Novice: 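Dropping a structure here in structure tokens format, bear with me for questions.
Predicted, not measured: the structure shown is a model, and the values here were computed from it. Letters A, B, ... mirror the listed sequences (proteins, then strands); counts begin at 1.
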Number of protein chains: 2
Amino acid sequence: MDQRVELRHLRYFLAVADELHFGRAAERLHIAQPALSQQIRQLEKLIGVELFKRTSRSVRLTDAGAAFRPRARDLLGRLAADLHEAGRVGRGEAGRIDIGFISSAVVILSERLRAFARRRPDVHVKLHDGFTVDVLASLEHGTVDVGIVRDAEERDDVDLLPLASERFVAVVPADHPVAGQERAEAADLAADPLILFPRSYGPHAFDVNTAPLRRAGVDVQVAQECSNWHTIIMFVATGLGVTIAPYSVTDRLPRGARRVELAGPPTQSHILMATRRADDRPLVEAFIGRR
Amino acid sequence: MDQRVELRHLRYFLAVADELHFGRAAERLHIAQPALSQQIRQLEKLIGVELFKRTSRSVRLTDAGAAFRPRARDLLGRLAADLHEAGRVGRGEAGRIDIGFISSAVVILSERLRAFARRRPDVHVKLHDGFTVDVLASLEHGTVDVGIVRDAEERDDVDLLPLASERFVAVVPADHPVAGQERAEAADLAADPLILFPRSYGPHAFDVNTAPLRRAGVDVQVAQECSNWHTIIMFVATGLGVTIAPYSVTDRLPRGARRVELAGPPTQSHILMATRRADDRPLVEAFIGRR
DNA sequence: ATGATCGATAGGCTGCACCGATGGATCAGC
DNA sequence: GCTGATCCATCGGTGCAGCCTATCGATCAT
């Protein structure tokens, strides 16, 4: 029964309720008076209730009309606001974006977040931290829209945009033979237990990053697997072994650990921003800075 | 720009958003698929935002569409509820009624209120107390819809319905000559100061009610004006004078006052329910019991 | 009585929401 | 790689609903 009610009915009703005069209301609506009378009558028939008490001399709201008036006004107001909001979301001025990131990229991420929040103050950013593999899986699954990852392999359904790169350095215990040196050969680490991420967390990245060690003849066997750089470095500091790490995570080393540059061509670790290749939503484009 | 958006657009949008399939959505709406495509396209044009991302193989919501969906659903739900509510108000099943009353009618009013609340549980009753003149003025002004008054004069814009009537009795101090008697002549009160309502509070009622006194030769001069029966009776109890009052307000007299029946034909005081004669609103009719 | 005001009614026109047919893109199956 | 199926978009055509003008009838002021 109320399936046939249209917004036109509400707009007309409000005009008449405001003016309490069909002629003036029709003028305001830029239609002729008979059309207005007709539509009001139709609305009343549709909802089965008289909204106005009319004589040829006066028009008054009935109780039902008076009760409906503020609600109709509210409805139209809401609709206008909702349409406006939809427009803003469509233009990427408002909405929500989900971002997955690896914890070792917090610094670079937070810089971008600050800049983004300044440009899009009405966008709600939801953050999800995890390892590179998890972030990429979430990206594929749609849980996140943008992923900040490290050393991911090229894929044909994902766009990768380099954000930053940094060299790998060795981290050794303070009492290690090379601890005092400016730089060391990879071979100098061959005898020590290696503490690193599990290879399964990113086989490609693992292989690329450990290539210099292998080239130097080191048999890359991870003696101790650990999934957090700071934990890995704490292990090194307590003398459990050595590691190689991106420069930034060696920024503030604990007491028992020393950073040593690696000789030879530097291995780079790349922090990448990943998006679904099919994804051209304005918020995503805005975040990755394509516009 | 959003002036041309109609509820039809929202209903169609929701169907497509639910089905993510124009063919099925059209079927659900009992229209042909081209009409649906057309209307969705029109809506998108009206609000200037793409709501669906469509290929010939799949239909997906855009961010804007996803943001708009719950709002559109909410709007339609609200509208349905509002129309329903308007219908209930129109049928007098819900709404609000304002009732003015004189304080000496509380008992009879509260009985009616209880019965009314049982029959119309969703009607909000707002009460306004005052003197008969005030209640009638409020009725005329529209502040109240029903007035419970006492001994009002017949008027051509007001309907008066008798609710109850009761005889007037005299109230005298306990040490008054007639205090012990069953009944007294009006003339017996002639010597005492009279405590009553100001005549201006209801000249007609005043004249009618004091007629027996005048008939008995009493020079009706109000020695002490007072606007509340209980206060008047307290004055009597303290020996300040005598009064005549409707029986019900002498129900529980204070220590120093005595009720004495008046000899001769009894003067009746009428409690009346007043409504505007033009007022045929269902709630008012329901309250006065015309249906 | 007379004219002015205002909502309702009557009858005709037109835009537009809808229809059926078709096009064009994509995908599955052989 | 062709064929058929699926599905949204496009294209003319059509009927009705919403709008128009003209007029009526009721009410009120003078």
Novice: For P34(B) and Q42(B), take the nucleotide of DNA chain C holding the closest heavy atom to each; which residue's nucleotide lies nearer the 5' end?
Specialist: Q42(B)
Novice: Could you walk me through whether L113(B) and F101(B) pass the side-chain contact (heavy atoms from CB on, under 4.5 Å) test, one step at a time?
Specialist: CA-CA 12 Å; L113(B) 285 177; F101(B) 67 100; over 6 Å; no
Novice: What integer distance in Å separates I31(A):CD1 from dC20(D):P?
Specialist: 6 Å
Novice: Q39(B) near the nucleic acid: base, sugar-phosphate alone, or nothing, with a heavy-atom cut-off under 4.0 Å?
Specialist: sugar-phosphate
Novice: Give A32(B) one of three labels, base, sugar-phosphate or nothing, depending on what nucleic acid heavy atoms sit under 4.0 Å from its own.
Specialist: sugar-phosphate
Novice: Please report, rounded to the nearest Å, how far the P atom of dA17(C) is from the CZ atom of R4(A).
Specialist: 13 Å
Novice: Heavy atoms from C-beta onward define the side chain here; which of dG7(C), dC27(C), dA17(C) lies closest to that of R57(B)?
Specialist: dC27(C)
Novice: F22(B) has a side chain; which of dA8(C), dA9(D), dC19(D) sits nearest to it?
Specialist: dA9(D)
Novice: Figure out the CD1/P separation between I40(B) and dT10(D), and round it to whole Å.
Specialist: 14 Å
Novice: Would you call R277(A)-D279(A) a salt bridge at under 4.0 Å N-O?
Specialist: no
Novice: Measure from CZ on R41(B) to C1' on dC8(D) and round the result to the nearest Å.
Specialist: 9 Å
Novice: Check the orientation of Y201(B) and F131(B). Use parallel for under 30°, tilted for 30 to 60°, and perpendicular for over 60°.
Specialist: tilted
Novice: With a 4.0 Å cut-off on heavy atoms, is R54(B) in touch with a base, just the backbone sugar-phosphate, or nothing at all?
Specialist: sugar-phosphate
Novice: I'd like to know whether the aromatic ring centres of F68(B) and F13(B) sit less than 6.0 Å apart in this structure.
Specialist: yes
Novice: Send over the distance from Y12(B) OH to dA17(C) P, rounded to a whole Å.
Specialist: 9 Å
Novice: Roughly how many Å is it from CD in E6(B) to P in dC16(C), rounded to a whole number?
Specialist: 12 Å
Novice: With the side chain of S37(A) defined as its heavy atoms from C-beta on, choose the nearest nucleotide among dA8(C), dT26(C), dT27(D).
Specialist: dA8(C)
Novice: Under 4.0 Å, counting only non-hydrogen atoms across every strand here, what does F52(A) touch: a base, just sugar-phosphate, or nothing?
Specialist: nothing
Novice: Within this structure, what is the CZ-to-P distance between R8(A) and dA17(C), rounded to whole angstrom?
Specialist: 10 Å
Novice: How many whole angstroms separate atom NZ of K45(A) from atom P of dA17(D)?
Specialist: 12 Å
Novice: Classify the nucleic acid contact of Q33(B) as base, sugar-phosphate or nothing, counting any heavy atom under 4.0 Å across all strands shown.
Specialist: base
Novice: Base, sugar-phosphate, or nothing for S58(B), non-hydrogen atoms under 4.0 angstrom?
Specialist: nothing
Novice: Is the shortest side-chain N to carboxylate O distance from E6(A) to R8(A) below 4.0 Å?
Specialist: no
